[in-house]
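Since the structure comes first, as structure tokens, the remarks are kept for the end.
In this chain, residues are counted from 1 in sequence order. Keep in mind that what you see is a predicted model, and the values were worked out from it rather than measured. Start at 1 and go down the list; that is how both ligands and their atoms are numbered.
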Amino acid sequence: MAEKIVTRYEGNPILTKDDIPYPVATVHNAGVAKYDGRYIMLFRSHLDTGRSIIGLAESDDGFHFTARPEPFLVPGTEPPFSEYEAFGVEDPRITFLEEAYYITYSAYSKHGVRIALAKTPDFQSVERVALITQADYRNTVIFPEKIDGRYVRLDRPHSEISPWSIWISYSTDLRHWGDSKVVMKPVTYHWDEMKIGPGAPPIKTNRGWLNIYHGVFPTMDGSVYRLGVALHDLADPAQIIAVGDRWILQPEDPWELVGYVHNVVFTCAAVPEGDGTLKLYWGGADKVMCAGAAVIEDLVDFCLENPRPAM
Ligand code: BMA
């Protein structure tokens with residue numbers, strides 16, 4: 001087997017429930033961004049009600065994180081968020097745009113799961129902006145710049161008659177989104193055949209937008225969550241240049257194989273560094289946070305060398 005394209009950090013897992021100064025059952029599926037020269041991680045935790053909140057941890061090197069004493073985002077108490085976040089907030093993704101960090105997260109309630117948008121200038125205060133999808137949507141990532149005058153996002157609506165696929169939408173104000181279309185679908189009898197969803201917010205490269213996504217394969221022993229890569233056209237990200245045929249990361253470490261939900265690696269964040277590498281962050285078995293590194297150009301090559309059809 002060829003050398004692995006994602007190098008796991010030797011100190012994994014990097015954050016667990018034992019590191020959190022308030023009672024939680026899990027630490028996983030975190031968004032990560034650089035702010036003021038430091039790494040900020042917004043991580044999801046299950047409480048022992050089975051519902052989730054979002055905490056914050058900080059780091060100088062991207063691997064050693066210290067959690068703040070209080071959670072960062074808990075279900076909203078003001079309408080309309082109180083109605084739609086009553087069952088918890090999950091899986092934050094962070095995109096810096098213009099003057100603020102925007103956070104997309106799953107808002108769960110008796111009405112289903114939809115995506116909410118919040119923003120913060122400094123990770124001290126946080127302000128809710130809007131609920132930006134109806135139910136049943138998850139896995140929404142916003143591109144880090146406007147393209148052709150509009151904000152762009154990828155997301156994953158639920159569907160009964162088609163395997164869950166990746167869609168693109170556009171907005172001029174980040175609140176109202178439209179012009180939606182499907183851009184990428186699972187491939188039958190392939191590691192991502194059951195469903196796919198955006199993972200980390202896309203990363204700009206010379207050859208296209210790098211989209212690190214998750215794919216799910218159903219087995220007799222439950223579903224396996226893995227990560228793959230796709231490359232979107234820079235000027236028109238609805239056009240997919242290539243999708244890597246093989247996964248780039250699958251559950252292998254003990255804390256990825258066994259946990260709250262076994263056999264899961266799930267990403268909400270990849271942080272590009274100045275040296276051409278990125279740090280990739282993923283939840284292991286919905287219970288702990290893990291990190292690794294990859295060379296961005298290697299991931300782009302991986303898409304182009306042996307592509308599978310986007311649809
Ligand atoms: C998905 C989401 C993720 C989770 C994954 C594996 O449907 O709920 O938050 O990591 O399942 O359990």
Side-chain angles (χ1 to χ4, degrees), residues 12-17 24-32 41-47 49-55 73 75 84-94 103-116 133 135-141 154-160 162-167 186 191-201 212-219 221-228 247-253 255-270 280-291:
N12 279 343
I14 58 167
L15 202 70
T16 76
K17 67 184 175 69
V24 295
T26 64
V27 171
H28 65 299
N29 297 4
V32 182
M41 172 182 283
L42 298 181
F43 58 88
R44 168 179 170 194
S45 286
H46 286 99
L47 303 175
T49 56
R51 296 179 180 176
S52 295
I53 60 170
I54 293 170
L73 195 77
Y84 294 100
E85 296 181 4
F87 290 179
V89 290
E90 305 186 357
D91 298 2
R93 273 100 172 175
I94 309 169
I103 304 155
T104 53
Y105 58 95
S106 302
Y108 271 82
S109 73
K110 64 185 178 189
H111 308 299
V113 55
R114 58 191 303 199
I115 297 298
T133 71
D136 284 312
Y137 282 76
R138 288 182 41 90
N139 307 312
T140 298
V141 297
L154 302 174
D155 62 35
R156 211 286 308 285
H158 174 83
S159 169
E160 291 292 342
S162 154
W164 302 341
S165 307
I166 297 179
W167 290 59
W191 66 268
D192 67 5
E193 80 160 359
M194 185 179 166
K195 52 180 174 172
I196 57 174
I212 305 178
Y213 72 98
H214 69 259
V216 187
F217 189 82
T219 78
D221 187 33
S223 303
V224 183
Y225 277 72
R226 301 185 174 97
L227 303 182
W247 65 71
I248 61 161
L249 192 78
Q250 69 154 349
E252 284 175 13
D253 274 337
W255 46 84
E256 299 164 346
L257 297 169
V258 177
Y260 192 83
V261 178
H262 62 255
N263 282 325
V264 176
V265 292
F266 190 96
T267 188
C268 297
L280 182 63
Y281 295 90
W282 63 92
D286 283 2
K287 194 167 181 195
V288 299
M289 272 311 294
C290 305

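When the side chain to side chain donor-acceptor pair (under 3.5 Å) test is applied to Ser162, the partners found at least two apart in sequence or on another chain are Lys185. Remark: Glu193 pairs with no residue by the salt bridge (charged side-chain N to carboxylate O under 4.0 Å, His left out) rule, at least two apart or across chains.
For residues 282-291, the side-chain hydrogen bond (donor to acceptor under 3.5 Å, both in side chains) pairs, not counting sequence neighbours, are Glu256-Trp282.
Because its NZ or CZ atom is both nearer than 6.0 Å to the ring centre of Trp247 and within 45° of the ring axis, Arg226 counts as a cation-pi partner of that residue.
Classified by interplanar angle (parallel below 30°, tilted 30° to 60°, perpendicular above 60°), the ring pair Trp164/His158 is tilted.
Within 4.0 Å of ligand 1, counting heavy atoms only, the contacting residues are Asn29, Arg44, Asp91, Arg138, Lys195, Tyr225, Val261, Val264, Phe266, Asp286.
At a threshold of 4.5 Å between non-hydrogen side-chain atoms, the residues Phe266 and Asn139 count as touching.
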